[in-house]
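In what follows, a structure is listed as structure tokens, so that the remarks can point back to it.
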Amino acid sequence: MNPRKKVDLKLIIVGAIGVGKTSLLHQYVHKTFYEEYQTTLGASILSKIIILGDTTLKLQIWDTGGQERFRSMVSTFYKGSDGCILAFDVTDLESFEALDIWRGDVLAKIVPMEQSYPMVLLGNKIDLADRKYQSILENHLTESIKLSPDQSRSRCC
Ligand SMILES: Nc1nc2c(ncn2[C@@H]2O[C@H](COP(=O)(O)OP(=O)(O)OP(=O)(O)O)[C@@H](O)[C@H]2O)c(=O)[nH]1
Ligand SMILES: [Mg+2]
């Protein structure tokens, strides 16, 4: 019988302050949701092991703080990452618009420029969203994709 393949992956999550990056990761890794808000100072790392077919994936997920004053500092953690989650709050248009800057920071730091670097767009706090927000965001999303298909090496899911 073939032994399982082992793959280590470094992932990063970025996005504006308070969009829910830490909560989301804690829910994913520890199945715990924290109501109380404690901003992430710099970055912290969470690990999770998942089995995918005959492969054991060891995820090292870097949770970064969204505060403006940490932006330059956290960008030093992007290097060597295998993929990125671009997170925004679906009730906060500014957090969505800010993703262009976050994405630019990430693409500038991931050297050498990998041929394909997966980026996932993640809209959080959908429990708070109403139809108004949904249609505004859908329009923005459609426009962003229309306007910059060749500027981006990212794929939106
Ligand atoms: N209603 C709702 N609240 C959420 C959700 N996710 C996070 N929150 C709340 O939003 C606040 C901020 O969450 P955090 O996870 O700390 O946000 P963050 O993006 O890590 O913030 P920074 O570390 O400062 O960049 C907290 O009070 C959370 O409880 C969600 O899906 N729905
Ligand atoms: Mg945080």
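Order of appearance sets the numbers: ligands from 1, and atoms from 1 within every ligand. Nothing fancy with the numbering, it's 1 onward along the sequence. Please read all numbers here as calculations on a predicted model, not as lab measurements.
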Where is the nearest protein heavy atom to [atom]: which residue, which atom, and how far?
atom                    : answer
atom 6 (N) of ligand 1  : N124 ND2, 3.2 Å
atom 10 (O) of ligand 1 : K125 NZ, 3.2 Å
atom 14 (P) of ligand 1 : S23 OG, 3.5 Å
atom 21 (O) of ligand 1 : G18 N, 3.0 Å
atom 17 (O) of ligand 1 : G20 N, 3.1 Å
atom 29 (O) of ligand 1 : Y34 O, 2.8 Å
atom 1 (N) of ligand 1  : D127 OD2, 2.9 Å
atom 27 (O) of ligand 1 : E35 O, 2.9 Å

Sub-4.5 Å side-chain heavy-atom contact between [X] and [Y]:
X    : Y    : answer
D54  : K5   : yes
L41  : Q67  : yes
R103 : M119 : yes
L86  : L122 : no

Exercise for the section: Determine the sole option in N124, V90, D89 for which the side-chain contact (heavy atoms from CB on, under 4.5 Å) test with S95 is passed. Expected result: D89

Problem - Separation between CD1 of I13 and OG1 of T22, rounded to the nearest 0.5 Å - result: 8.0 Å

Fill in the blank from the handout: Of Y37, F88, F33, the one whose closest heavy atom lies nearest atom 16 (O) of ligand 1 is Y37

Exercise for the section: Could you check which of L24, D89, T39 puts a non-hydrogen atom nearest to atom 24 (O) of ligand 1? Expected result: T39

Practice task
Flag the pair F33 / H26 as yes when their ring centroid distance falls below 6.0 Å, and as no otherwise.
Solution key: no

Exercise for the section: Could you tell me whether any N, O or S atom belonging to T40 is less than 2.8 Å from the Mg ion (ligand 2)? Expected result: yes

Handout entry: Whether T22 has an N, O or S atom under 2.8 Å from the Mg ion (ligand 2)
Key = yes

Practice task
Could you tell me whether L128 approaches ligand 1 through its side chain, its backbone, both or neither, with non-hydrogen atoms closer than 4.0 Å?
Solution key: side chain

